[in-house]
There are 4 protein chains.
Amino acid sequence: MEFNQEKPIYLQIVDWMSDKILSGIWSSDERIPSVRDVAMLLQVNPNTAMRAYDHLQNENIIYNKRGIGYFVEPEGQAKIMEHEKRRFLMEILPDIFTRMELLGISADDLNEEYKKHKTQ
Amino acid sequence: MEFNQEKPIYLQIVDWMSDKILSGIWSSDERIPSVRDVAMLLQVNPNTAMRAYDHLQNENIIYNKRGIGYFVEPEGQAKIMEHEKRRFLMEILPDIFTRMELLGISADDLNEEYKKHKTQ
Amino acid sequence: MEFNQEKPIYLQIVDWMSDKILSGIWSSDERIPSVRDVAMLLQVNPNTAMRAYDHLQNENIIYNKRGIGYFVEPEGQAKIMEHEKRRFLMEILPDIFTRMELLGISADDLNEEYKKHKTQ
Amino acid sequence: MEFNQEKPIYLQIVDWMSDKILSGIWSSDERIPSVRDVAMLLQVNPNTAMRAYDHLQNENIIYNKRGIGYFVEPEGQAKIMEHEKRRFLMEILPDIFTRMELLGISADDLNEEYKKHKTQ
DNA sequence: GTGGTCTAGACCACC
DNA sequence: GTGGTCTAGACCACA
């Protein structure tokens, strides 16, 4: 996995894990890979991986059984979905639209780009 | 002005200034407000404002006349426009689309949001 | 049985067993449930239950007859009682009192809470 | 400062800082000592001190101004007070009372101990 | 100067 | 085996 320079690695791991849960690869009450395994897989220090787990636990998306490992919270997927959806609609999209106007990109252009994206 | 927690303040100032130029409020070869004025207006440390000016100068969007002030490069607006447009289409949009799919947001939803945004 | 997140499970089992002995449910020289039974009852790993038994044996509160099971030491109840009483008065109460002062809880409040507790 | 063996150091630092705020030594919107200073003062690694700050920021008890330092949230003191008070009354006291009964300590004994504590 | 992130490596408690 | 904490030391971005 390649990491972006601008964003902390542990947050990129959070995103990566969120995607796993969101897409159902890791499902409710299922045990997810151990901190060490993720660290090895992504080639980062275990502490860094641990921070991602910490973060997700604080947001009640995963939980821990001591000595056993981490598990996806029953409502974890829904929680991420809702959270991300709201953020997308309320924060990201308005920015995008404002930017489109400044750059002279129309709704039609947008739709066309979307079609392109889908056929790729 | 309120600053986002995650993005460096000086980059948010860069964005704010870019908007001014892009929208024509600050036009070619026009003198823009002094570093100190911007710092006061936005309530930030002058060093922080200075960094924004530095950044824009490095990208050849503004230039400096010593002892007088900063000015918009003749092609500043076009430069931003082109640069931003490419970045928007190549980097930002694809991300947005991928995310939409993950969150179950359709093209129709997108268009509807756009209409909402325009009527606001 | 529900376990507290912060305290090791085996110590919570120790507390639970101590209560049994202290309240006389398990009395002197009486055979107590097997490690396996406790593990099943409390839904924990047998190793974890075993650790609790170990701990109590080290404190001479229970003893083991090989092949037969664990028993309460003749003076087990008294031993716990004395040990706990000293700890309670010397270590726990002072802490509680200091905290009460910081939180603005008076002796009267304390007594009232105690009455509430007893009537429950 | 001496640290307890059983509790993580960073949580003991959290307690120590909470006390400072609760007792008004650090008040609303006041800048608190830098992470490094606390680390030096308490003779711990800066990372460990940092964890305490992180924790308190997550609980909205302190906030950060980038490049400047950490400050006490306007409602920080009240927040700790309320949180701790509830925890004390709902979680800690009932335990204490149950234990008192098992140990044969009466309300009168309790009051007497409290008097002793106050005269010390 | 401030905080923030990351690595490397260690040690420990717990299951 | 699991996670959790801690240290030491480095580097960086930000104000």
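Throughout, a chain's letter reflects where its sequence line sits, starting with A, and its residues are numbered from 1.
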With the side chain defined as heavy atoms from C-beta on, D:Arg31 is closest, among E:dC15, E:dT2, F:dA15, to E:dT2
Checking E:dG4, F:dC6, E:dT7 against the side chain of D:Met50 (C-beta onward), the nearest is E:dG4
note: B:Arg36, atom CZ; F:dA15, atom P; distance rounded to Å ~ 19 Å
- Task: State, yes or no, whether a side-chain contact exists between C:Leu11 and C:His55 at a heavy-atom distance under 4.5 Å.
- Result: yes
Whole-Å distance, D:Phe71 CZ to F:dA15 C1', equals 12 Å
Discussion item. Check the orientation of C:Trp26 and C:Trp16. Use parallel for under 30°, tilted for 30 to 60°, and perpendicular for over 60°.
Written reply: perpendicular
- Under 4.0 Å: is that the gap between some side-chain N or O of D:Thr48 and OP1 or OP2 of F:dT7? yes
Residue pair A:Gly67/B:Asn45 against DNA chain F: nearer the 5' end by closest nucleotide is A:Gly67
task = State whether C:Arg51 places a side-chain N or O below 4.0 Å from either non-bridging phosphate oxygen (OP1 or OP2) of E:dC15.
result = no
Look at the side chain of D:Arg99 and the backbone N and O of C:Glu84, then say whether any donor-acceptor pair between them is shorter than 3.5 Å.
no
Regarding the side chain of A:Arg66, the nearest nucleotide among F:dG3, E:dC15, E:dC6 is E:dC15
Review point. Would you say C:Arg86 has more than 12 foreign heavy atoms packed within less than 6.0 Å of its CZ?
Key: no
From CG of A:Asp54 across to C1' of F:dT5 the rounded distance in Å is 11 Å
Any strand, both distances under 3.5 Å, Watson-Crick or G-U wobble: F:dC14 pairs with E:dG1
When rounded to whole Å, the CG to P distance for the pair A:Asn4 and E:dT5 reads 14 Å
Taking for D:Lys7 and for D:Ile68 the nucleotide of DNA chain F with the nearest heavy atom, the one nearer the 5' end belongs to D:Lys7
C:Leu42 atom CG is separated from E:dC15 atom P, nearest whole Å, by 12 Å
Walking DNA chain E from its 5' end, the first of C:Leu11 and D:Asn64 to be reached, judged by nearest nucleotide, is D:Asn64
*Look only at the side chain of D:Gln77 and the backbone of D:Leu22, and say whether a donor-acceptor pair between them is shorter than 3.5 Å.*
yes
*asked:* With a cut-off of less than 4.0 Å, is there a side-chain N or O of C:Tyr10 near OP1 or OP2 of E:dC14?
replied: yes
*Quick one: is A:Tyr70 getting a side-chain N or O under 4.0 Å of the F:dG4 phosphate, OP1 or OP2?*
yes
Among the nucleotides E:dC15, F:dC6, E:dT5, whichever has the atom closest to the side chain of A:Pro8 is E:dT5
note: D:Gln43, atom CD; F:dC6, atom C1'; distance rounded to Å ~ 15 Å
Should C:Lys7 and C:Asp15 count as side-chain neighbours, where that means a heavy-atom distance under 4.5 Å? yes
When rounded to whole Å, the CD to C1' distance for the pair D:Gln12 and F:dC6 reads 13 Å
Base, sugar-phosphate, or nothing: which does D:Asn47 touch, judged by heavy atoms less than 4.0 Å apart? base
A:His55 atom NE2 is separated from E:dG4 atom P, nearest whole Å, by 14 Å
